[in-house]
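On a predicted model such as this, the values are computed, not experimentally measured, just so you know.
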Amino acid sequence: MRALSALLGLLTGLVATAAASQVPTLPQPVDPSAPTLAAPGLPGTPALPNAPSLPALPPLPGPTAAPATDDPRVDVAYAAYQAGRYLTALREATARLERVPDDAPAMTLLGELHNQGLGVRQDPEKAAEWYRLAAKLGDRHALSALGLMAIDGRGMARDPDQGRRWLEAAADKGDGAAAYNLALLLLTSSDPVERARAAGLLRTAAEAEIADAQHALGVLYLRGQTMSRDPAAAAELFFRATKNGSIAGEVEYAILLFNGEGVAKNEAAAARFFRHAAARGNAIAQNRLARLYAAGRGVAQNLVEAAAWHLAAAGQGLPDPWLDQALKGLSAEDRARAERLAAERAGGV
């Protein structure tokens, strides 16, 4: 949601001090601001993903497929939703409400289908109506979705205070996505009590295996913000975020691996994580991988690969004067090879 995305600047940061050696180093993150990439330091903390990376409704409970069965214990509507069979989900949820008019999970599912336009025309106002009905019956997913919609003014008049109350109610019921988004709101407060509470909410969301929350909590541990600095705890959280699909968490974990901070030093493993994140389009990982190839740290030195990844990162707005200098001796043939590799990885050929 747009209203929440601006809050993430509190935890973003790309600034690092420069190292004087001719090999890449990975210093600790410092104050968040625009990147300054003096040779050859590697900035520490990539930007957090925006709040919209969490859906308005978190992954809904229920089986992962819709087996052909009359067993009433099988939630056919939610199974169809999770399998991508949205028309079936719409039909089954509607049928359930005809049988049981106060079926809150069915109402929430209909809200989500209308909210995302899955199997039905996208209609945020209709979605909000379904969510409100489910919320009155205590459904935590509906409360969480309503909170984000109110904060963003989507499907209803913008009302941040009401949005926060809905998020509070959902978080109190154990909703991980609500806990995460409420934490982002509290981190804007100057009240240390509220900021400390934000850390607790991030822990709740992290335990719910929400990757963005695991990454955000890891950043707080790494920086010692609202808690004692604990690189080992940060490394564990970044690794869990990586397993849950967080590119930002993966880059952070690779940085700690390279430095041997909070986890046993392993430059080769760090390079593998950087390569995986780089292949997924992360500019910071592309830049770090380019530096490793240029210096032969964690990988065999390969200036063509270094140039290719440097071009990829620079194409996303992350230039690097140190790499420019390190690669200036490339032959015209090797530079052409690097350009072809960069274009292939970007889908240009």
Side-chain angles (χ1 to χ4, degrees), residues 5 8 12-16 18-19 22-26 29 33-50 52-53 211-212 215 238 241-255 257-258 266-349:
S5 62
L8 291 160
T12 61
L14 299 176
V15 177
Q22 289 302 305
V23 294
T25 57
L26 295 150
S33 68
T36 44
L37 299 177
L42 296 180
T45 306
L48 284 176
N50 288 337
S53 62
D212 285 349
H215 172 235
F238 292 148
T242 299
K243 291 196 296 182
N244 286 320
S246 169
I247 300 178
E250 186 167 30
V251 174
E252 290 280 15
Y253 186 64
I255 290 171
L257 270 175
F258 186 93
N266 190 328
E267 292 186 4
R272 289 194 293 272
F273 281 106
F274 280 133
R275 185 182 295 108
H276 185 256
R280 295 167 70 189
N282 183 275
I284 295 170
Q286 291 168 345
N287 173 263
R288 298 337 180 250
L289 186 59
R291 285 173 174 253
L292 296 185
Y293 272 119
R297 296 283 295 273
V299 292
Q301 188 178 47
N302 187 325
L303 297 184
V304 171
E305 283 286 350
W309 287 116
H310 175 39
L311 287 169
Q316 295 195 67
L318 192 58
D320 189 330
W322 182 81
L323 279 169
D324 289 338
Q325 180 68 22
L327 299 170
K328 69 178 183 179
L330 274 182
S331 68
E333 180 182 357
D334 282 346
R335 191 168 298 277
R337 287 173 57 202
E339 290 171 353
R340 287 195 297 271
L341 274 176
E344 288 170 5
R345 287 166 180 164
V349 291

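For the atom pair Arg272 CZ and Leu257 CG, the distance stands at 9.0 Å (nearest 0.5 Å). One finds the OG1 atom of Thr242 at 9.5 Å from the CD atom of Glu252 (value rounded to the nearest 0.5 Å). Atom CG of Asn302 is separated from atom CG of Leu292 by 12.5 Å, given to the nearest 0.5 angstrom. Distance check: Lys243 NZ to Tyr253 OH gives 10.0 Å after rounding to the nearest 0.5 Å.
Using a 4.5 Å cut-off on side-chain heavy atoms (C-beta onward), Arg291 and Phe274 make no contact. Inter-residue side-chain proximity for Leu303 and Asp334 is flagged as unmet; no heavy-atom pair is nearer than 4.5 Å. By the 4.5 Å heavy-atom criterion applied to side chains, Arg337 and Leu341 are not counted as neighbours. Between Glu305 and Leu289, every side-chain heavy-atom pair lies at or beyond the 4.5 Å cut-off. Tyr293 is not listed as a side-chain neighbour of Gln301, based on a closest heavy-atom distance of 4.5 Å or more. Residues Phe258 and Arg297 form a side-chain contact, since some pair of their non-hydrogen atoms from C-beta on lies under 4.5 Å apart.
Scanning both residues, Ala290 and Leu323, for their nearest heavy atoms gives CB-CD1, 3.7 Å. Taking each heavy atom of Ala338 and Ala308 in turn, the nearest pair found is O-CB, 3.6 Å. Pairing each heavy atom of Ala254 with each of Ala270, the nearest pair is O-CB, 3.4 Å. Residues Ser246 and Gly249 approach most closely at OG-N, 2.9 Å, considering heavy atoms. Closest of all the heavy-atom pairs between Ala306 and Ala294 is CB-N, 3.6 Å. Contact detail for Leu318 and Ala283: the closest heavy-atom pair is CD2-O, 3.5 Å.
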Step-by-step side chain to side chain contact (heavy atoms under 4.5 Å, CB included) determination, Gln316 to Asn282:
CA-CA 9 Å; Gln316 295 195 67; Asn282 183 275; over 6 Å; no
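Counting only distance, with no hydrogens or angles, the side chain of Glu339 and the backbone of Leu311 share no donor-acceptor pair below 3.5 Å. Counting only distance, with no hydrogens or angles, the side chain of Gln286 and the backbone of Trp309 share no donor-acceptor pair below 3.5 Å.
A salt bridge between Glu250 and Arg288 is absent, with no side-chain N of the basic residue lying under 4.0 Å from a carboxylate O of the acidic one.
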